[in-house]
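Along the sequence shown, residues carry numbers from 1.
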Amino acid sequence: MPQPSLKVDEPQEHLPTTLATDSQELAHQLQMHQAKIFAPTSQKTIRPFQPAEAASFIGIGEGYLRQVAAEGYGPEPLANGRRVYLPTDMDRIRQVLDEKNGVAKYVPARRPGEKLQVISVMNFKGGSGKTTTSAHLSQYLALRGYKTLAIDLDPQASLSALFGHQPELDVGEGETLYGAIRYEDPRPISEIVRSTYTPNLHILPGNLELMEFEHETPKAMASGQVATMFFARIGEVLADIEDLYDVVVIDCPPQLGFLTMSALCASTSTLITVHPQMLDVMSMSQFLSMTSELMSVVERAGGRTSYDWMRYLVTRFEPNDGPQSQMTGFMRAIFGNRMLHNAMLKSTAISDAGVTKQTLYEVERNQFTRGTYDRAMDSLNAVNLEIEELIRSVWGRR
């Protein structure tokens, strides 16, 4: 059957103009939506935690926490006699317990000889849960008492928005990691790092300017005037602030470009997220092949390519979905211990929290069906605890 032809006199869409118009309108509407959710003068805050949650984050039993609070080391009780705990309360209790016991057990800070842990979270297929994983892992580690730095290396900057830094409004020129690693007039990274509303958690936000590194690197390499190769630049600037942190979590861009390669060379460990469906796993197969080839090139040029650990994390997992369970078993048979034992469940609680740019650690349990919230939280904590144990294992701790 002959295909209808476009008449010459019919108007055509000029793609650059159309995309620019749509981008401006979408940005405008998103800003209006943001203003409705959070007034311009409002600030995001971390919620207080119930005793059971606080005890778990501190690493003690709830009964022991009640005893410590009764001795005057906890927050003042509310009008109903119950206590709730802010992250600062939990930090203070950790310090008190270590002072009373005379050993560093509850404050998890790095000790002499323990190196900074830099974890790159990566995959180049959208929807793999990369940013959700990075956000919850960063916040979990901070709530556990680790000095944590989250780096948003994705130009789309979803991690930044989740932590209260809107890329179009709050992040100016040179205020992303690009400002510190650019080839001309780099800024000290200490000027770019920002605090967050979660104690112990700092962030290097992202926005579209990160793409400049992808454009400038080929020119810099061609000129032959670069003192530090592209793959060493992130590691070099992190060295300037490594004494301030225990763990760095990098949310990598969903592509294998110069930014991702530099992040990998700066990392001590790698976490690859994967959604357990056939198309996603097939895509990951290509991703692994391409990464291997590129890293071999970087290795020959002197880049670091050995890691303390590398793991695959199944995300958005639906246990009652037969094909997903089969695909997860298929990957476990291939990758063995390189798969995390726990999977990140798909949950409406996590997605609903994301609508208001919150993590599950920030929303109250009573906003959701109790079972839905508890299953999601148990899944998150199990995954993050497993990663924490890998970190502690590298440090030689149990």
Side-chain angles (χ1 to χ4, degrees), residues 104 107-123 128 130 133-142 144-151 153 177 200-202 204 231-252 256 259-274 284 287-288 291-292 294-296 298-315 331-332 334-344 381-398:
V107 176
R110 278 196 297 144
R111 301 164 190 167
E114 296 177 343
K115 65 181 178 181
L116 176 71
Q117 293 295 288
V118 183
I119 304 170
S120 279
V121 183
M122 59 187 298
N123 201 325
S128 69
K130 178 176 59 64
T133 299
S134 300
H136 286 93
L137 175 60
S138 301
Q139 205 164 43
Y140 168 87
L141 291 171
R144 287 282 283 165
Y146 298 91
K147 302 295 185 185
T148 307
L149 174 64
I151 300 180
L153 214 56
L177 184 62
N200 299 324
L201 178 60
H202 289 175
L204 277 167
F231 54 77
R233 297 187 80 82
I234 293 179
E236 187 177 69
V237 298
L238 284 181
D240 294 336
I241 55 172
E242 67 174 314
D243 291 343
L244 302 177
Y245 300 101
D246 303 311
V247 185
V248 176
V249 178
I250 305 178
D251 184 20
C252 292
L256 280 175
L259 279 172
T260 301
M261 290 294 105
S262 187
L264 284 173
C265 288
S267 298
T268 60
S269 307
T270 305
L271 186 65
I272 299 176
T273 57
V274 56
M284 189 180 75
F287 166 72
L288 297 178
T291 304
S292 172
L294 288 172
M295 291 302 287
S296 294
V298 168
E299 183 178 40
R300 289 194 291 272
R304 181 171 70 179
T305 55
S306 296
Y307 299 93
D308 293 327
W309 53 265
M310 175 269 208
R311 294 291 187 275
Y312 298 98
L313 168 63
V314 172
T315 58
M331 287 189 290
R332 291 195 187 283
I334 296 172
F335 300 134
N337 289 333
R338 289 196 303 280
M339 293 274 290
L340 287 182
H341 298 299
N342 295 284
M344 190 83 77
N381 286 337
V383 168
N384 290 332
L385 175 60
E386 191 172 350
I387 296 170
E388 181 190 2
E389 288 173 344
L390 288 170
I391 293 170
R392 294 176 66 87
S393 176
V394 171
W395 289 338
R397 303 189 204 175
R398 294 188 179 273

Enquirer: Would a distance-only check, ignoring hydrogens and angles, find a side-chain to backbone donor-acceptor pair under 3.5 Å from R144 to P108?
Expert: no
Enquirer: Ignoring hydrogens and angles, tell me if any N or O in the side chain of W395 forms a donor-acceptor pair with the backbone of K115 under 3.5 Å.
Expert: yes
Enquirer: Enter the distance from L137:CG to N384:CG here, rounded to the nearest 0.5 Å.
Expert: 5.0 Å
Enquirer: Among residues at least two apart in sequence or on other chains, which ones pass side chain to side chain contact (heavy atoms under 4.5 Å, CB included) with L385?
Expert: Y140, E388, E389
Enquirer: Any side-chain to backbone donor/acceptor pair from T260 onto C252? Under 3.5 Å, distance only.
Expert: no
Enquirer: Can you name the residues that form a side chain to side chain contact (heavy atoms under 4.5 Å, CB included) with L340, not counting sequence neighbours?
Expert: L271, R311, L313, V383, E386, I387, L390
Enquirer: Can you confirm whether V237 sits close enough to L177 that some side-chain heavy atom of one is under 4.5 Å from a side-chain heavy atom of the other?
Expert: yes
Enquirer: What distance separates I391 CD1 from L141 CG, expressed to the nearest 0.5 Å?
Expert: 5.0 Å
Enquirer: Please name all residues satisfying side-chain hydrogen bond (donor to acceptor under 3.5 Å, both in side chains) with E299, sequence neighbours left out, ordered by chain then number.
Expert: T305
Enquirer: For E242, give me all partners under side chain to side chain contact (heavy atoms under 4.5 Å, CB included), at least two apart in sequence or on another chain.
Expert: L116, A239
Enquirer: To the nearest 0.5 Å, what is the distance between CD1 on I250 and OG on S134?
Expert: 9.5 Å
Enquirer: Taking only residues two or more places apart in sequence or in another chain, which ones pass salt bridge (Lys or Arg N to Asp or Glu O under 4.0 Å) with R397?
Expert: E114
Enquirer: Determine the minimum heavy-atom distance between S138 and A150, stating which atoms define it.
Expert: OG-CB, 3.7 Å
Enquirer: Can you list everything that forms a side-chain hydrogen bond (donor to acceptor under 3.5 Å, both in side chains) with T291? Sequence neighbours excluded, please.
Expert: none
Enquirer: By the definition side chain to side chain contact (heavy atoms under 4.5 Å, CB included), identify the one residue from I272, D251, V274, T315 that meets it with K130.
Expert: D251
Enquirer: Between T268 and V394, is any pair of side-chain heavy atoms under 4.5 Å apart?
Expert: no
Enquirer: Within the side chain of S292, is there an N or O that forms a donor-acceptor pair under 3.5 Å with the backbone of L288?
Expert: no
Enquirer: Only counting residues at least two apart or in another chain, list the ones meeting side-chain hydrogen bond (donor to acceptor under 3.5 Å, both in side chains) with R338.
Expert: none
Enquirer: Below 4.5 Å, heavy atoms only, C-beta onward: do M122 and L264 meet side chain to side chain?
Expert: yes
Enquirer: Contact between L149 and V249 at the side-chain level, heavy atoms closer than 4.5 Å - yes or no?
Expert: no
Enquirer: Just how far is it from atom CG of N381 to atom NE2 of H136, taken to the nearest 0.5 Å?
Expert: 9.5 Å
Enquirer: Excluding sequence neighbours, so at least two apart, what forms ring-ring contact (aromatic ring centres under 6.0 Å, His included) with Y307?
Expert: none
Enquirer: Quick one: SG on C265 to CD on E236, what's the gap to the nearest 0.5 Å?
Expert: 13.0 Å
Enquirer: Using the test side-chain hydrogen bond (donor to acceptor under 3.5 Å, both in side chains), find all partners of D246 that sit at least two apart in sequence or belong to another chain.
Expert: none
Enquirer: Taking only residues two or more places apart in sequence, or in another chain, which ones meet A142 in a side chain to side chain contact (heavy atoms under 4.5 Å, CB included)?
Expert: T148, T198, N200, L201
Enquirer: To the nearest 0.5 Å, how far apart are CD in Q117 and OG in S267?
Expert: 10.5 Å
Enquirer: Run the ring-ring contact (aromatic ring centres under 6.0 Å, His included) test against Y245 and tell me which residues pass, sequence neighbours left out.
Expert: H202
